[in-house]
Amino acid sequence: MKANQKLREAMDSFLARGSTAAEPYARLLLECIRANDVEQVKRLQSHIDIQSVQPNNTYLQNRLLHLYVKCGKTDDALQLFDKMAGKDVFSWNVMLSAYSKMGETGSLRATFNRMPVRDCVSYNTTIAGLVGSECSVDGLSLFVRMQTEGFEPSEYTYVSALNACSQLLDLRLGKQIHGRIVASCLKGNVFCGQVDQARWLFDGLGDKNVVLWNSMISGYLKNGRPEKCLDLFLEMKVAGVKPDLVTVSSVLGANFRSGFIDEATRIFKEIKEKDGVCWTTMIVGYAQNNREEDAWMLFNEMLAENVKPDKYTFSSVVSVCARLASLVHGKVIHCKAIPNGFESDLLVSSALIDMYSKCGETLDARKVFQVMPIRNVVSWNAMITGYAQNGQDQEALELYETLLQEKMKPDNITLVGVLSACSRSGSVELGKKYFSSISELHGMKPTLDHYSCMINLLGRPGRMNEALDLINSLPEKPNYLIWSTLLSVARVNGDIERAETAAKRLSEIDPLETGPYIILSNMYASAGRWEKVALMRSLMKDKKIRKAPAYSWIEIDYKVHKFVSDDRTHSQNEKIYRELHRLMKEIQKAGLSKPQDRVPIRILKNLRVCKDCHMFMKFVSKLLERCIILRDSNLFHHFVDGECSCKDYW
DNA sequence: CTAGGGTTAG
């Protein structure tokens, strides 16, 4: 703070003198660069152009170029670069790193090809950029080319080359390259899921720098062994290697995955100089541990500390809003993303589509989808599943057809969306067609998720025998999802026998889960088999199974309110219950019909909505002339004028 | 200037 103040004073007096002397100008500019203060640089340049004062000072210009790239001001960097008289290989490399960071492979390749002279770093940067943008094949061919042109690969090069192998799942080539690394006494990395082998190599290495430790730690993380990361973190400290920001970010991630969110919070608070990645990791950690409010607060702290959020931060925070189904928070983020230049970013846009869909606003979601300059399968999936979950089956299927027309390749998730749209609209034949297209047209193997959709598709309209045949023909052992799907279709059909089968299997897999007992008990009650209802109750009592608490979230005037079932803790408790009782009475009278024009009421529930509440909401929507959008653990319910978009199937 | 950390869809 103090240093910046001093710099500003120096700047003021320099500009006041109106001097254009080269030496003080250069000194001042360098200081601005050292302080990472682009604003001061701009201020200085608005008075005097660097070209007119320092036309041949390549060193100074390179430093400035690097600062621009570091701060994400690529346009400024490019402008300066174009004007530079004495470009050296460093200047070119800085531009390569800019394009590499942004994933602009076109400009990256073009710049690389235009370079008059290249060095090892030029190759390393370009290879890393290509590999990072899913152009691993090209990255590898450049890896080969650099050697034919007489450049010796360094550890940087090998890391990228091995990354390329792991991306292409080419273990054979990876091992070959690894052999070369061993031969040239360089250091390896952690790839292709062979984490134990990597550890063996790692232990064999004498001198290990911080990058190596970090690679090993993240290797464990990527291979789903977070507990090992923490061990390694401690070992690293014992070995006297000082952890850096990268280490801490990995370890933070590991803590979340093993559920030690409080431990992570402690480590996070200890870090003095946090960078954007640290903040993002922590925000994501909160979000994944169902602490969305903390995640949101942390994001605001991050902004208050002047740490610049990037596309990863924005997409994470947008997904926090989606989890909360908080449209106002989501819109705030959307508005913040625009001036930061992330509006049309692939990650952010896909998260926005998901957020709007999860708030029941598919029109807004579609607007985001429509303006995206580049879409990948994730963007399409977000939009298709958004439609499917909101009961807009036709839109979902139409969009899928467009995807096929545009020669995009769908993935497993796309087809889950498509099949669930079919089952909701009762299009059995169409669903069957899409199901067989998974293997026949797209050359993929249907997963249990797809089979579950099919059981739903067949079972709902009562084709229970076909659904059971499908379960018997599964290529692998039926999992929890399959049996709970069978239970849910058996419930719709009042098929107690099948429901019993499914519930039995479910309790074998997860004995503590309450859902199956409750569904079965309700089915017995509907059939008047009260002795069975009593049996279910005593069973649940014996096993000490208790129903998970039901939560609801509702957003009123920019604030999210959370309720537990039979909650009496809200500050406006009396008023709420008075209104509830008034509604109950009104509903008993019923019979109104007026246009819908007010803001919808949005409700989020952690469990599946029960039959009574569903009925209640239908009445309330009619009575209050308000659209109610309720998102439960399963899908979306748009209640309008006494009808629900789920068509009473859920 | 180049390697290692965080992100989106069911």
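Lettering of chains follows the sequences in order, A, B, ..., and the numbering in each one begins at 1. The figures here come from the full heavy-atom set of this structure, side chains too, leaving out hydrogens, waters and symmetry mates.
Nearest nucleotide to the A:N381 side chain, out of B:dA9, B:dT7, B:dC1: B:dA9. For A:N93, the listed nucleotide lying nearest its side chain is B:dC1; candidates were B:dA3, B:dG6, B:dC1. Of all nucleotides listed (B:dA9, B:dG5, B:dT8), B:dG5 comes nearest to the side chain of A:C278. Comparing B:dG4, B:dT7, B:dT2 by their closest approach to the side chain of A:S316 singles out B:dT7. With distances taken from any side-chain atom of A:T281 to the nucleotides B:dT8, B:dG5, B:dG6, the minimum falls on B:dG6. Closest to the side chain of A:V284, from the set B:dG4, B:dG5, B:dT7, is B:dT7. Residue A:V121 has its side chain nearest to B:dT2 when only B:dG6, B:dA9, B:dT2 are considered. Among B:dC1, B:dG5, B:dG4, the nucleotide with an atom closest to any side-chain atom of A:V94 is B:dC1. Nearest to the side-chain atoms of A:N124 among the listed nucleotides B:dA3, B:dT8, B:dT2 stands B:dT2. Closest to the side chain of A:S97, out of B:dT7, B:dC1, B:dA3, is B:dC1.
Within the 4.0 angstrom heavy-atom criterion, base atoms lie near A:D310. Using a 4.0 Å heavy-atom distance criterion, A:N376 is classed as making no nucleic acid contact. At the heavy-atom level, A:D354 lies under 4.0 Å from the strands shown only through sugar-phosphate atoms. At a threshold of 4.0 angstrom between heavy atoms, the contacts of A:S350 include nucleobase atoms, whether or not backbone atoms are also involved. Among the heavy atoms of the strands lying under 4.0 Å from A:D411 is at least one base atom, whether or not backbone atoms are also near. Within 4.0 Å of A:K70, counting heavy atoms only, lies no atom of the nucleic acid at all. Residue-level contact check: A:S249 touches the bases, meaning some heavy atom is under 4.0 Å from a base atom. Residue A:K358 is in sugar-phosphate contact alone, with no base atom involved, counting any heavy-atom pair closer than 4.0 Å across all strands shown.
Taking only distance into account, the side chain of A:D275 meets the base of B:dG5 through a donor-acceptor pair shorter than 3.5 Å. For A:D449 and B:dG10, a side-chain-to-base donor-acceptor distance below 3.5 Å is present, hydrogens and geometry of angles not being considered. Taking 3.5 Å as the limit, the base of B:dG5 and the side chain of A:D244 contain no donor-acceptor pair of atoms between them. Applying the 3.5 Å distance criterion, the base of B:dG6 shares a donor-acceptor pair with the side chain of A:T280.
Taking the six-membered ring for Trp, A:F268 and A:W279 have ring centres closer than 6.0 Å. Separation of the A:Y123 and A:F112 ring centroids falls under the 6.0 Å cut-off. In this structure, A:F81 has its ring center at least 6.0 angstrom away from the ring center of A:Y68.
Following rounding to the nearest Å, A:W279 (CH2) and B:dG6 (C1') show an atom-to-atom distance of 14 Å. One interatomic measurement links the two molecules: OH of A:Y123 to P of B:dA3, which rounds to 18 Å at whole-angstrom precision. Computed from coordinates, the A:M282 CE to B:dT7 P distance equals 13 Å when rounded to whole Å. A:N390 has its CG atom 11 Å from the P atom of B:dG10, to the nearest Å. The distance from atom CD of A:Q167 to atom P of B:dG4 is 11 Å, rounded to the nearest whole Å. Across the protein-nucleic acid pair, A:L96 atom CG and B:dT2 atom C1' stand 10 Å apart, rounded to whole Å. Distance A:F299 CZ to B:dT7 P: 16 Å, rounded to the nearest Å. Distance CG (A:L347) to C1' (B:dT7): 5 Å, rounded to an integer number of Å.
Comment: A:R199 engages A:E235 in a salt bridge, judged by a side-chain N to carboxylate O separation of less than 4.0 angstrom.
Taking 4.0 angstrom as the limit, A:N163 places a side-chain polar atom (N or O) nearer than this to OP1 or OP2 of B:dG4.
In this structure, A:Y312 does not count as stacked on the base of B:dT7 under the 5.5 Å centre distance and 30° plane angle limits.
Counting heavy-atom neighbours within 6.0 Å of A:K228 NZ, excluding the residue itself, gives a total of 12 or less.
The two residues A:N456 and A:T485 make their nearest non-hydrogen contact at N-CG2, 3.9 Å.
Judged by the 6.0 Å and 45° rule, A:K336 forms no cation-pi pair with A:F314.
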